[in-house]
Engineer: 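Once you've had a glance at the structure underneath, I'll fire off some questions.
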Amino acid sequence: MKLCIHDFSFLDWRNLDLELDGPEVVCVMGDSGSGKSLFLRAIADLVVSEGEAMLGDVRRDSVSASDWRKRVGYLAAEILWWEESVGEHFLKEPAIGQIERLRLPPDCMNWSPSRLSMGERQRLGILRLLDRQPKALLLDEPTANLDAANVDVVEKKLLDYIRSNDVVAIWVTHSVDQAKRVGDRVLTMKDRMLSEAGRKDNAKWAKR
Amino acid sequence: MGETVDLSIWDILFSASIVVCLGILLAYYRLGITRTLFIASVRLVVQLLLVGYVLKVLFAEGKLVYVAIMAAVMLLVASREIMARQKRRLKGWGAFGLGASTLFVSSFAIALFGLMVVVRPDPWYQPQYAIPLLGMIMSNTMSGISLSMDRLTSALHDNRAIVEQRLALGETAREAILPYMRDCIRTGIMPVVNSMGTAGIVALPGMMTGQILAGANPTEAVKYQIIIWFFIAGGVGFGMAVSLRMLESRLFDKRQRLRLDRLR
């Protein structure tokens with residue numbers, strides 16, 4: 001699956017271009033307020049934007065907004081819950097193996113969301129996102145609230161999904177180490193521009 | 001028909017002394033609403049005295065064009081009031097237009113139905129019937145609409161992050177705000193339903209009380225009160241449905257993005 005962002009503008013950001021060819025992970029780094037989150041939200045059509053966005057052979061403007069958002073799964077930095085129980089947020093409750101693989105309590109689907117810790121919210125948020133079977137992932141710091149062991153299982157889970165479903169992912173992170181682990185390419189957002197900082201196949205970057 | 005007691009200016013001044021005492025009490029607790037109470041009381045006296053004279057002329061003349069002008073003034077004032085009661089309202093003329101068009105399609109339609117189908121005075125626009133009927137429907141509709149719209153904009157403002165995440169998961173705008181919408185409709189319609197349920201037992205409704213004070217037969221007065229409550233329920237309910245639908249379409253754009261920037 002290919003994701004093409006072309007001549008893309010939103011708010012004060014102008015003419016951004018980005019092309020991903022699945023399965024590929026592009027990490028985006030940059031200071032807080034540099035527009036990384038806005039960029040993801042604009043691609044998901046949650047922020048008014050101009051320009052072209054195309055996933056596979058589907059142009060964003062040719063399908064309804066909700067249809068497009070189902071295809072490009074956007075994961076917010078803070079995961080919110082609104083129903084009475086965790087399970088009600090899922091179209092199809094994840095198998096027990098999936099839950100245990102993310103080191104979550106086996107009966108957490110029946111829990112009230114208020115019982116979840118920050119880390120549990122984040123991991124369940126990722127399950128909730130993958131439950132919709134998106135063809136592209138727009139991840140805003142998906143491991144920000146996790147300890148090292150959980151970062152590891154979440155990275156594995158996401159990379160598994162990306163590779164086995166030929167998915168592309170734009171992965172916002174503040175950790176250079178994470179960018180090196182998961183990213184095929186690393187971009188930085190600075191002064192409202194995206195520029196390439198490194199590639200996995202570039203040995204110099206990988207060692208830095 | 002019994003004789004009615006006319007009130008003198010002294011009777012009104014004696015009654016006003018109650019409000020003066022209340023004002024002193026509120027001032028003692030430094031609630032800062034004594035001034036508001038004073039202004040509201042003066043407005044009440046001036047507006048009602050004036051409207052008394054206006055209605056006297058209106059009833060004497062009984063022309064359709066005067067009734068229409070009066071109805072238009074009521075509509076404008078009520079629309080302004082709906083706008084003023086919103087903590088976060090649409091920018092520009094949107095808020096006013098939304099209130100006015102909603103009141104027009106709900107209150108006016110039901111008042112016309114009441115006059116032409118149910119009460120049938122001769123002529124149908126006879127001001128003694130048309131003006132109070134429209135006024136009662138419109139004031140209740142106004143409260144219901146402003147309450148529910150205020151609640152919806154506040155709920156969406158407070159929960160915009162949740163709404164955005166629901167949209168991000170592929171829900172439509174309607175699905176994403178349905179729980180807030182339900183809550184708003186309940187808030188708007190409950191006062192009417194509660195009043196209907198307790199009418200006659202806990203409180204004697206105002207219109208019926210007025211008719212009885214003016215010497216009307218109580219068994220006739222209650223019949224009017226019953227139809228008035230049905231009209232009010234219709235006005236509030238349909239008005240709210242229309243206003244929330246219109247508000248929803250202004251708060252989301254074509255790509256189903258929540259546009260709180262359209263509120264001020």
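Chain letters run A, B, ... following the sequence lines, proteins first and then strands; every chain starts at 1. Both backbone and side-chain heavy atoms feed into the values below; hydrogens, waters and symmetry mates do not.
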Engineer: Quick check on A/Met193: does its CE atom have over 12 non-hydrogen neighbours (other residues, nucleotides or ligands) under 6.0 Å away?
Structural biologist: no
Engineer: Mark yes when over 12 heavy atoms from residues, nucleotides or ligands other than B/Arg245 sit less than 6.0 Å from its CZ; otherwise mark no.
Structural biologist: no
Engineer: So does A/Arg14 have more than 12 non-hydrogen atoms from other groups sitting under 6.0 Å from CZ?
Structural biologist: yes
Engineer: Between A/Ser66 and B/Gly170, what is the shortest heavy-atom contact and its length?
Structural biologist: CB-O, 3.3 Å
Engineer: Counting only heavy atoms not in B/Phe108, do more than 12 fall under 6.0 Å of its CZ?
Structural biologist: yes
Engineer: Please classify the contact between A/Val47 and chain B as side chain, backbone, both or neither, with a heavy-atom cut-off of under 4.5 Å.
Structural biologist: backbone
Engineer: Which bit of A/Arg128 is near chain B, if near means a heavy-atom gap under 4.5 Å: side chain, backbone, both or neither?
Structural biologist: both
Engineer: Count the heavy atoms belonging to other residues, nucleotides or ligands that lie under 6.0 Å from CZ of B/Arg35, then report whether that count exceeds 12.
Structural biologist: no
Engineer: Report the option among B/Leu167, B/Asp253, B/Leu169, B/Thr172 that has the most heavy-atom pairs separated by less than 4.5 Å from atoms of chain A.
Structural biologist: B/Leu169
Engineer: Would you please name every residue forming a ring pair (Phe, Tyr, Trp, His ring centres under 6.0 Å) with A/Tyr161, sequence neighbours left out?
Structural biologist: none
Engineer: Relative to chain A, which segment of B/Asn159 carries a heavy atom at a distance below 4.5 Å: side chain, backbone, both, or neither?
Structural biologist: neither
Engineer: Might you point out which heavy atoms bring A/Asp45 and B/Arg255 nearest each other, and give the distance in Å?
Structural biologist: OD2-NE, 2.8 Å
Engineer: For the NZ atom of B/Lys254 and the OG atom of A/Ser64, what is their distance to the nearest 0.5 Å?
Structural biologist: 14.5 Å
Engineer: For the pair B/Arg166 and A/Glu83, find out whether any cationic side-chain nitrogen is under 4.0 Å from an anionic carboxylate oxygen.
Structural biologist: yes
Engineer: NZ of A/Lys190: more than 12 outside heavy atoms within 6.0 angstrom?
Structural biologist: no
Engineer: Out of A/Asp67, A/Leu138, A/Ile79, which one racks up the most heavy-atom pairs below 4.5 Å with chain B?
Structural biologist: A/Ile79
Engineer: Would you mind reporting whether B/Glu164 and A/Leu80 have side-chain heavy atoms less than 4.5 Å apart?
Structural biologist: no
Engineer: Which value, rounded to the nearest 0.5 Å, describes the distance between B/Gln165 atom CD and A/Leu75 atom CG?
Structural biologist: 8.0 Å
Engineer: Give, for atom CZ of B/Arg257 and atom CZ of A/Arg41, the distance between the pair rounded to the nearest 0.5 Å.
Structural biologist: 11.5 Å
Engineer: Any chance CG of A/Asp57 has more than 12 other-residue heavy atoms, nucleotides or ligands included, within less than 6.0 Å?
Structural biologist: no
